[in-house]
Engineer: 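Let me give you the structure first, and then I'll get to my questions.
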Amino acid sequence: MRESIYLDYAASTPLDPEVEAHMLPYLRAVGNPSSIHALGRYLRAAIEESRAIIAELIGAEPGQIIFTSGGTEADNHALWGSVETWSIQHILYNPTEHHAVLHTIESLCRLRGVQAHPIAVDALGRVDLDHLEELLRRYPRSLVSVMYANNEIGTLQPVQEIASLVQSYEGYYHCDTVQVMGLGWVEVRNWAVDFIAASAHKFYGPKGIGFLYRRRPIRSFITGGSQERNQRAGTENVAGIVGMAYALKKAYTNSESYVSHLLSIKSYLIEQLTHAFSEIVFHGDITARGGHPGILNFRIPSNQLGNLVLIHLDIEGICASGTSACASGSEHPSHVLEAIGIPSEYAQEAIRFSWGIGIEKEHIDRALRALRSISYEPA
Ligand code: PLP
């Protein structure tokens, strides 16, 4: 059978075999890390060592890292925890956030009477800092949620500027860094951010494990036992935690060559697409400085298959997405493309390619051949 080409790294990266090997002894280990006997202490030590590794990489203190079941839980924890701890009344949010943030804000409005205010974004999906400041002036001490990189269109936000602005109005800043954690860019020491969310399966670690950095303790989102210093109840996913720390260390060590590989694939892809499809429309900021190096979202106006384009690519052995994996079961076209003004009939034809380790120009060439067959433009 012909091997398929995986161009959906933003949905989930493959598990690094080295990470897997590192996890195996902990997957098999007997015992509970909360037990005080030797087997329990062995697992507890592995958790604390992993916490220290992650904290050092991102410039935090170990006590500021809470292990979660992934990015979604980390986002929920940050938003629920700050509303419950600091009686937040207003949340200012970027409308292109992941549903883990948007749906949590909806719940907080319904269940806690919080008021949510969208921040204006431009046609590339960047938040309007003047509008954010106007909102902060009106609602000081708000909680602000603006992600680092958008998972659908890759647009990067000016997170340092946002953090300083929020700080000057005594607000709290939650930044979903899920898509950039593997690039080695996150360093919280000199960044006035209150929360960041991360997920291991976006940087070649296992699925179902992530972490939340929080500057100060907040009320626990999951109640039960006293694990994670009473901040997140539940027996820890030890193998996942160990694997995540290993994967993150590897990502930070190799970040320079990794980002440059991603960028070389991106510029090749843009060049080839532009050459093959004269009217191609890119969504989001596609520049090296303004966009994620491993994500490209576009529409081919000469596409004859309409919203069946992804099914066609799948049949051709190309695994890509049109929207975030978590929203692909829904009937609504992408809320991200809607927020940047793309009409829904066009949004349904959007294609997101995302790539990483193991993807080379020849894989892109095969994807391009599959794309050419959908278009009526002469090749
Ligand atoms: N936030 C962003 C920006 C994401 O891209 C994702 C996953 O795609 C999440 C949050 C959710 O992370 P997880 O899949 O670990 O729950």
Side-chain angles (χ1 to χ4, degrees), residues 6-15 19 54 65-80 93-107 121 125-127 145-157 159 162 173-183 185-186 193 195-213 221-222 232 234 237 240-241 243-244 247-248 251 283-285 291-297 319-330 334-337 339 350 352-356:
Y6 184 70
L7 289 175
D8 207 9
Y9 281 59
S12 193
T13 52
L15 180 65
V19 173
I54 292 172
I65 306 294
I66 295 291
F67 294 120
T68 65
S69 63
T72 300
E73 187 190 317
D75 283 330
N76 270 263
H77 192 144
L79 298 167
W80 271 99
Y93 69 97
N94 159 32
T96 72
E97 292 295 288
H98 190 272
H99 280 142
V101 167
L102 295 180
H103 290 164
T104 305
I105 294 175
E106 274 169 33
S107 301
V121 292
R126 280 182 314 226
V127 297
S145 193
V146 179
M147 69 207 319
Y148 201 137
N150 186 270
N151 48 299
E152 290 189 33
I153 56 176
T155 296
L156 301 175
Q157 302 291 353
V159 291
I162 294 170
Y173 180 26
H174 168 53
C175 185
D176 177 330
T177 57
V178 166
Q179 290 293 339
V180 294
M181 188 52 75
L183 305 178
W185 291 351
V186 176
V193 67
F195 305 99
I196 62 164
S199 179
H201 73 115
K202 310 291 181 172
F203 49 87
Y204 307 92
K207 297 176 194 49
I209 184 73
F211 69 89
L212 173 72
Y213 156 85
F221 164 65
I222 292 181
R232 197 277 187 179
N237 172 357
I241 290 169
M244 174 165 65
L248 195 62
H283 302 136
D285 192 334
H292 189 291
I295 296 178
L296 193 67
N297 192 312
C319 304
S321 285
T323 175
S324 101
C326 321
S328 48
S330 99
S334 155
H335 68 283
V336 175
L337 296 180
R352 178 188 70 181
F353 281 173
S354 52
W355 54 93

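Counting convention: from 1, in listed order, for ligands and their atoms alike. Predicted model, so just to flag it, every value in this text is computed and none were measured.
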Engineer: Identify the residue among I162, V101, V146 that makes a side-chain contact (heavy atoms from CB on, under 4.5 Å) with N94.
Structural biologist: V146
Engineer: Do the non-hydrogen side-chain atoms of F211 and S199 ever get within less than 4.5 Å of each other?
Structural biologist: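 The answer is no; the side chains never approach within 4.5 Å.
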Engineer: Relative to atom 10 (C) of ligand 1, which among I209, D176, T177 owns the nearest non-hydrogen atom?
Structural biologist: D176
Engineer: Using a heavy-atom cut-off of under 4.0 Å, does the side chain or the backbone of N150 touch ligand 1, or both, or neither?
Structural biologist: neither
Engineer: With a cut-off of 4.0 Å, which atoms of ligand 1 are near a heavy atom of H201?
Structural biologist: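 Those of ligand 1 that fall under 4.0 Å from H201 are 13 (P), 14 (O), 15 (O).
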Engineer: For T155 and D285, which I'm curious about, is there any donor-acceptor pair between the side chains at under 3.5 Å?
Structural biologist: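 No donor-acceptor contact under 3.5 Å links the two side chains.
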Engineer: Show the atoms of ligand 1 that are less than 4.0 angstrom away from any heavy atom in M147.
Structural biologist: 3 (C)
Engineer: Is a donor on one side and an acceptor on the other found under 3.5 Å between the side chain of T177 and the backbone of A197?
Structural biologist: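 Yes, the answer is positive, given that a donor and an acceptor are paired below the 3.5 Å cut-off.
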Engineer: Side chain, backbone, both or neither: which part of V178 has a heavy atom under 4.0 Å from ligand 1?
Structural biologist: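 Contact part for V178 vs ligand 1: side chain (C-beta onward).
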Engineer: Just distances here: any N/O of G71 and N/O of ligand 1 closer than 3.5 Å?
Structural biologist: yes
Engineer: Find all atoms of ligand 1 within a distance of less than 4.0 Å from any non-hydrogen atom belonging to D75, and give their numbers and elements.
Structural biologist: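 Answer for ligand 1: 1 (N), 10 (C).
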Engineer: Could you list the atoms of ligand 1 found under 4.0 angstrom from a heavy atom of T72?
Structural biologist: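 Contacts of ligand 1 toward T72, numbered from 1: 11 (C), 12 (O), 13 (P), 16 (O).
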Engineer: Against heavy atoms of S199, which atoms of ligand 1 measure under 4.0 Å?
Structural biologist: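 Within the 4.0 Å cut-off of S199, ligand 1 contributes 13 (P), 15 (O).
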Engineer: Checking Q157 side chain against V127 main chain: does a donor-acceptor pair fall under 3.5 Å?
Structural biologist: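 Pair found, side chain donor or acceptor close to backbone of V127.
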Engineer: Atoms of ligand 1 less than 4.0 Å from G70 heavy atoms?
Structural biologist: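 Contacts of ligand 1 toward G70, numbered from 1: 15 (O).
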Engineer: Touching ligand 1 at all, K207? Heavy atoms, strictly under 4.0 Å?
Structural biologist: no
Engineer: Once you restrict to heavy atoms under 4.0 Å, what part of K202 touches ligand 1? Side chain, backbone, both or neither.
Structural biologist: side chain
Engineer: Just by distance, no angles: are the side chains of H174 and D75 close enough, under 3.5 Å, to form a donor-acceptor pair?
Structural biologist: yes
Engineer: Quick one: do T13 and F203 satisfy side chain to side chain contact (heavy atoms under 4.5 Å, CB included)? Show the steps, please.
Structural biologist: CA-CA 6 Å; T13 52; F203 49 87; 5.5 Å; no
Engineer: From R126 CZ over to T96 OG1, what is the distance, rounded to the nearest 0.5 angstrom?
Structural biologist: 12.0 Å
Engineer: Could you tell me if the side chain of Y93 sits less than 4.5 Å from the side chain of L102, heavy atoms only?
Structural biologist: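 In contact.
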Engineer: Out of curiosity, is E97 lining ligand 1, as in a heavy atom under 4.0 Å away?
Structural biologist: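 For ligand 1, residue contact (heavy atoms, under 4.0 Å) with E97 is absent.
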